[in-house]
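Take a look at the structure set out below.
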Amino acid sequence: MRVTNGTRFINSFVENVRLGDLAVSHVCLGNNQLYPEDTSSMRRLTVELPQEGTLEWAYWVHAVAAVQDLVTPKRYMQLTVGAERYMVRSSFNALPSVMFEVNGVFLFYPDEGASLHSVRPGDSVEVKAVIPVIDDMPLSIREQDGSGSRNYSLPFLPGTGLYVQWVKGQKKKSAGTYFTLSGSGSGRAHIQGQGQKNGHGRGETVNAVAWPWSCRVADAGTHSWLNAFIDRDTGLRLTMQGYNSCNALMGRPRYPAFIKTFQLKILSIA
């Protein structure tokens, strides 16, 4: 803190404050501490995450997974603490970077964290997530008319689709695949049915997307759907089975784009 008193003290630092014979420990203006001046910044911020198994939690884990290895102007998470903003796992857009751990801890770089006096436990911070359409890892089946399954750690979001690809192996046969995308906890199917390619061709590559709100895939495939999050489902399971000379079968969940803002309660700062 600095003070000016006529021409005797001009913008001078205050080393101590007394009220009569008593020393003053703090001088505040509203919620802002003026003396002693505290320029220390937080290094660690712990927040309360959305309850596991809820839809809010599902969006949160999708957002965190999306920025784990790639951040772009159209794929990012932004943390706001008091009046300070940070990019999670990136420093683009002229904002400092902050790291995030899965247990609800944000870690700031030295001297880049928000002031220790800007927020307190019980306050909230804001995290904005901007996430594009993302395809998960594929389930690939090389054997002709083979079958297989794969588990995914990300839960279903409303609007999740299933991208399917295969090669028609013989002429005059309607090759295709049966598929089921279900919740790994409840076992209930979100997308279930078949994709089929009719015609006389051979060696044709078929690409199709099964969405929870449509009822036809490729030439003659139909399926049922449940376009809703199921409480306590924490992942997905995809199973596929080819038939009639179905070759090079592949499928993967396709998650929808979303923009969402989370309000998270502060548990501790340091």
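Heavy atoms only: backbone and side chains are in, while hydrogens, waters and symmetry mates are out.
Within the 4.5 Å cutoff, the side chain of Met240 has heavy atoms near those of the Leu139 side chain. Residues Val88 and Ser97 are not in side-chain contact: their nearest non-hydrogen atoms beyond the backbone lie 4.5 Å or more apart. Put simply, the side chain of Arg89 reaches to within 4.5 Å of the side chain of Gln68, judged on heavy atoms. Residues Tyr76 and Lys128 meet the side-chain proximity criterion, which asks for heavy atoms closer than 4.5 Å. Under the 4.5 Å side-chain criterion, counting only non-hydrogen atoms from C-beta, Pro155 is in contact with His62. Between Leu238 and Tyr152, the closest side-chain pair of non-hydrogen atoms falls below 4.5 Å. The shortest side-chain heavy-atom distance between Phe262 and Leu49 does not fall under the 4.5 Å cut-off. Between Val64 and Met77 there is a side-chain heavy-atom pair separated by less than 4.5 Å.
Sorted by first then second residue, the salt bridge (charged side-chain N to carboxylate O under 4.0 Å, His left out) pairs that include residues 73-83, not counting sequence neighbours, number zero.
Shown here for Gly242 and Leu249, the closest heavy-atom pair between the two residues is N-CD2, 3.8 Å. The two atoms that bring Ser118 and Val81 nearest to each other are OG-CG1, 4.5 Å, heavy atoms only. In terms of heavy atoms, Gln194 sits closest to Tyr243 at NE2-OH, 2.7 Å. Among all heavy-atom pairs drawn from Val167 and Ala248, the shortest one is CG2-CB, 4.1 Å. Ile269 and Met42 get closest at one heavy-atom pair: CG2-CE, 4.2 Å. Among all heavy-atom pairs drawn from Pro158 and Pro256, the shortest one is O-CG, 3.5 Å.
For Gln51, the CD atom sits in a loose shell: 12 or fewer heavy atoms of surrounding residues, nucleotides or ligands are nearer than 6.0 Å. In Asn103, the CG atom is crowded: over 12 heavy atoms of neighbouring residues, nucleotides or ligands sit closer than 6.0 Å.
Atom-to-atom distance recorded for Thr160:OG1 and His190:NE2 is 8.0 Å, nearest 0.5 angstrom. Between the OG atom of Ser268 and the CG atom of Leu45 there is a distance of 7.5 Å, given to the nearest 0.5 Å. In this structure, OG in Ser245 is found 4.0 Å from CD in Gln144, a value given to the nearest 0.5 Å. The distance from the OG atom of Ser90 to the CD atom of Gln78 is 11.0 Å, given to the nearest 0.5 Å. Expressed to the nearest 0.5 Å, how far CZ of Arg43 lies from CZ of Phe108 amounts to 10.5 Å. To the nearest 0.5 Å, the span separating CD on Glu48 from CG on Leu264 amounts to 9.0 Å.
Taking the six-membered ring for Trp and the full ring otherwise, Phe156 and Phe229 have centroids separated by 6.0 Å or more.
Other cluster members for Tyr109: Met99, Val105, Leu107, joined by side-chain heavy-atom distances under 4.5 Å among Ile, Leu, Val, Met, Phe, Trp and Tyr.
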#### Entry: Worked verdict on Ile266 versus Thr46 for side-chain contact (heavy atoms from CB on, under 4.5 Å)
CA-CA 6 Å; Ile266 298 175; Thr46 305; over 6 Å; no
*asked:* I'd like to know whether Val130 forms a side-chain contact (heavy atoms from CB on, under 4.5 Å) with Phe258, so could you lay out the CA-CA distance, the side-chain angles of the two residues, the decisive distance to 0.1 Å, and finally the verdict.
replied: CA-CA 6 Å; Val130 177; Phe258 64 90; over 6 Å; no
Determine, step by step, whether Thr261 and Gln263 satisfy the side-chain contact (heavy atoms from CB on, under 4.5 Å) criterion, reporting the C-alpha distance in whole Å, the side-chain angles of both residues, the deciding distance to 0.1 Å, and the verdict.
-> CA-CA 7 Å; Thr261 299; Gln263 298 291 336; 4.1 Å; yes
Margin query: Set out, in order, the CA-CA distance, both residues' side-chain angles and the distance that settles side-chain contact (heavy atoms from CB on, under 4.5 Å) for Asn247 and Trp166, then state yes or no.
Written below: CA-CA 6 Å; Asn247 298 323; Trp166 72 92; over 6 Å; no
Legend entry - Asp233/Ser186 under side chain to side chain donor-acceptor pair (under 3.5 Å): CA gap, chis, key distance, verdict: CA-CA 6 Å; Asp233 265 2; Ser186 66; 2.8 Å; yes
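Side-chain atoms of Gln192 and Thr180 form a donor-acceptor pair, as typed in the model, at a separation below 3.5 Å. Judged purely by distance below 3.5 Å, without hydrogens or angles, the side chains of Glu112 and Tyr86 never pair a donor atom with an acceptor atom.
Hydrophobic clustering (ILVMFWY, side-chain heavy atoms < 4.5 Å, transitive): Leu55 and Ile259 are in one cluster. Placement of Trp60 and Ile134 within a single hydrophobic cluster is found when ILVMFWY residues are connected by side-chain heavy-atom separations under 4.5 Å, directly or transitively. Note: the hydrophobic cluster containing Tyr178 does not contain Leu236 (ILVMFWY, side chain heavy atoms under 4.5 Å, direct or indirect links). By the rule that hydrophobic residues join a cluster once side-chain heavy atoms approach within less than 4.5 Å of another member, Leu116 and Val98 end up as members of one cluster. Connection of Leu181 to Leu154 is established within a shared hydrophobic cluster, with ILVMFWY side chains joined at heavy-atom distances below 4.5 Å, either directly or through further cluster members.
Looking only at distances, a side-chain donor or acceptor of Ser184 sits under 3.5 Å from a matching main-chain atom of Gly235. Remark: the backbone N or O of Cys246 is paired with a side-chain donor or acceptor of Asp145 at under 3.5 angstrom. Checked by atom type and distance alone, the side chain of Ser140 never pairs as donor or acceptor with a backbone atom of Met250 at under 3.5 Å.
Glu56 and Lys260 are joined by a salt bridge, as a carboxylate oxygen and a charged side-chain nitrogen come within less than 4.0 angstrom of each other. For the pair Asp136 and Arg252, the salt-bridge criterion is not met [side-chain N within less than 4.0 Å of a carboxylate O].
Arg237 meets the side chain to side chain donor-acceptor pair (under 3.5 Å) test with Ser149, Asn151; sequence neighbours excluded.
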